[in-house]
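Notes for the one structure printed next.
This is a predicted model, so every value here is computed, not measured. All chains are named by letter (A, B, ...) in the order of the sequence lines, taking the proteins before the strands, and each is independently numbered beginning at 1.
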There are 2 protein chains.
Amino acid sequence: MTTISDPNISVKKGKLLDAALSLMLSKGYHGTTVDEICAEAGVTKGSFFYYFKSKEDAGKATLDHFERLQSHLLSGTGWERIADPWEKLNRYLDVFALMAKNPDAPNSCLTALITQEMAESNAEFCALCEEKLAGNAKPLKDILDEVIAQYPPQSPVDSQQLADYFLAVYQGSLILAKARRNRAVLGQNVEHFRMYVTALFHIVR
Amino acid sequence: MTTISDPNISVKKGKLLDAALSLMLSKGYHGTTVDEICAEAGVTKGSFFYYFKSKEDAGKATLDHFERLQSHLLSGTGWERIADPWEKLNRYLDVFALMAKNPDAPNSCLTALITQEMAESNAEFCALCEEKLAGNAKPLKDILDEVIAQYPPQSPVDSQQLADYFLAVYQGSLILAKARRNRAVLGQNVEHFRMYVTALFHIVR
DNA sequence: TCTTAAATACCAACTAGTTAGTATCTTAAT
DNA sequence: ATTAAGATACTAACTAGTTGGTATTTAAGA
């Protein structure tokens, strides 16, 4: 899994964030120790606490780091520059379907994992995760709004709700894929969602 | 949240399982300590290790305990006894839609949480979770097979894949609901799935 | 341009508290 | 008297976080 670091931070801090991300994606926040992160990053504990004031602080930075990785995986595939909204929507869904075959794609969503572990016991983490999940749904909502404007559906479509639905589909699929050690379900479920949207807009191909 | 204990176990073991379940649903496996479980159950540590040979052993028993709770929440709603498969399918989906309003329903899936935390680092937990998730999809697959037999769809429908799709929808929705501290999304997403299946079987209501 | 001060980046060793797990005891029922 | 069920009091290893440093880089003045 390649990770993308903010170029304005030091090499070692980048290594710590990469290590924290990889370990937390695999074992969760509580399952990952500061010592393990340091060992994986090849950095001492003193440095860890130089860059992060606490493990919690590092956890939040790791969530931001994960968000950067997500953006990187999403961009560069060119879907943003497609003019026709229906075509754009389909290229956007393709990106997710292809994650099943992309070895660089993480096998979990850190935001979801930390939500599960922390939402009830830590209000700050909960708010941060909620915000990041909302950000995950945003691009699809915008595309759907464009589709609605250009190809008005017969019965009204709630773009926000539909984007949330896709987010749930994808998050749930990641869990199934992890349990099965097989990502095929990711691609399959994206196709089910695609067929649903197609039916909603009564678009026959 | 009410929990259902196997009547063949002692009161204290039942309390330990209830406590472990409630804590792990909220904070995950690694985030829950044996001491916390004992304190919540009003039992000492000696008893904990009398009933469970290790924390891991208790974790597996808690997964079984969670499965019992799931079965209990699903049964007693009477969907099994409905003769018409399409009607049965709809009553089955109702059960899940209504979870959003059921205060007894857990706000997370322990199987999903433990999958996320353990699947990569612990093969036994991984296999157990995979099996339990497959069990979650099974009733819906069976209903879908009945629907297919009685109301043959125009294009073929893969009942297993569709049941997996619903499982993903529900699992993902649980995560969104937890982050938002609002379960409305559970009901909404079940309705989206219901509309999709309706479209697949070309059933007009 | 050379010197120096101050900030930045980093590290090894330590500490105080917590963790899962154990060894030993007590009680109550059979 | 034996055994199942439970309590008490540990311990060894591990945890996050601290301390007190040392290199390295940057910036500014003479």
Would you please name every residue forming a ring pair (Phe, Tyr, Trp, His ring centres under 6.0 Å) with Tyr29(A), sequence neighbours left out?
Phe125(A)
Could you tell me the separation between the CD atom of Glu36(B) and the P atom of dT19(C), rounded to a whole number of Å?
7 Å
Can you figure out which of dG17(D), dA7(D), dA4(D) approaches the side chain of Tyr50(B) most closely?
dA4(D)
Once salt bridge (Lys or Arg N to Asp or Glu O under 4.0 Å) is applied, do any residues pair with Glu131(A), and if so which ones, sequence neighbours excluded?
none
May I ask you to evaluate whether Lys55(A) reaches the phosphate of dA16(D), defined as a side-chain N or O under 4.0 Å from OP1 or OP2?
yes
Taking side chain to side chain donor-acceptor pair (under 3.5 Å) as the definition, give me every residue that meets it alongside Ser159(A), ordered by chain and number, with sequence neighbours left out.
Asp145(A)
For Ser47(A), report the nucleic acid contact type (base, sugar-phosphate, nothing); a contact means any heavy atom under 4.0 Å.
base
Can you tell me the distance, in whole Å, between the CG atom of Leu16(A) and the C1' atom of dG17(D)?
15 Å
Thr33(B) has a side chain; which of dT19(C), dC11(C), dA5(D) sits nearest to it?
dT19(C)
Which residues satisfy the side chain to side chain donor-acceptor pair (under 3.5 Å) test with Tyr170(B), sequence neighbours excluded?
none
N/O donor-acceptor pairs under 3.5 Å from side chains in residues 94-103 of chain B, not counting sequence neighbours:
{"from": "Asp94(B)", "atom 1": "OD1", "to": "Arg194(B)", "atom 2": "NH1", "distance (Å)": "3.2"}
{"from": "Asp94(B)", "atom 1": "OD1", "to": "Arg194(B)", "atom 2": "NH2", "distance (Å)": "2.7"}
{"from": "Asp94(B)", "atom 1": "OD2", "to": "Arg91(B)", "atom 2": "NE", "distance (Å)": "2.5"}
{"from": "Asp94(B)", "atom 1": "OD2", "to": "Arg91(B)", "atom 2": "NH2", "distance (Å)": "2.7"}
{"from": "Asn102(B)", "atom 1": "OD1", "to": "Asp104(B)", "atom 2": "N", "distance (Å)": "2.8"}

Mind checking whether Phe193(B) and Phe166(B) have ring centres under 6.0 Å apart?
yes
Rounded to whole Å, the CG-P distance (Asp35(B) to dA13(D)) equals 19 Å
How is Thr44(B) classified with respect to the nucleic acid when contacts are heavy atoms under 4.0 Å: base, sugar-phosphate, or nothing?
base
Indicate for each nucleotide in nucleotides 22-30 of chain C, in 5' to 3' sequence, whether protein heavy atoms under 4.0 Å reach the base (B), only the sugar-phosphate (S), or nothing (-).
B--------
In this structure, how many angstroms lie between the P atom of dG21(C) and the CD1 atom of Ile37(B), rounded?
11 Å
Send over the distance from His30(A) NE2 to dA20(C) P, rounded to a whole Å.
12 Å
Rounded to whole Å, how long is the line connecting atom CZ of Phe48(A) with atom P of dT15(D)?
13 Å
Indicate the ring-plane relationship of Tyr92(B) and Trp79(B), choosing parallel, tilted or perpendicular according to the 30° and 60° boundaries.
perpendicular
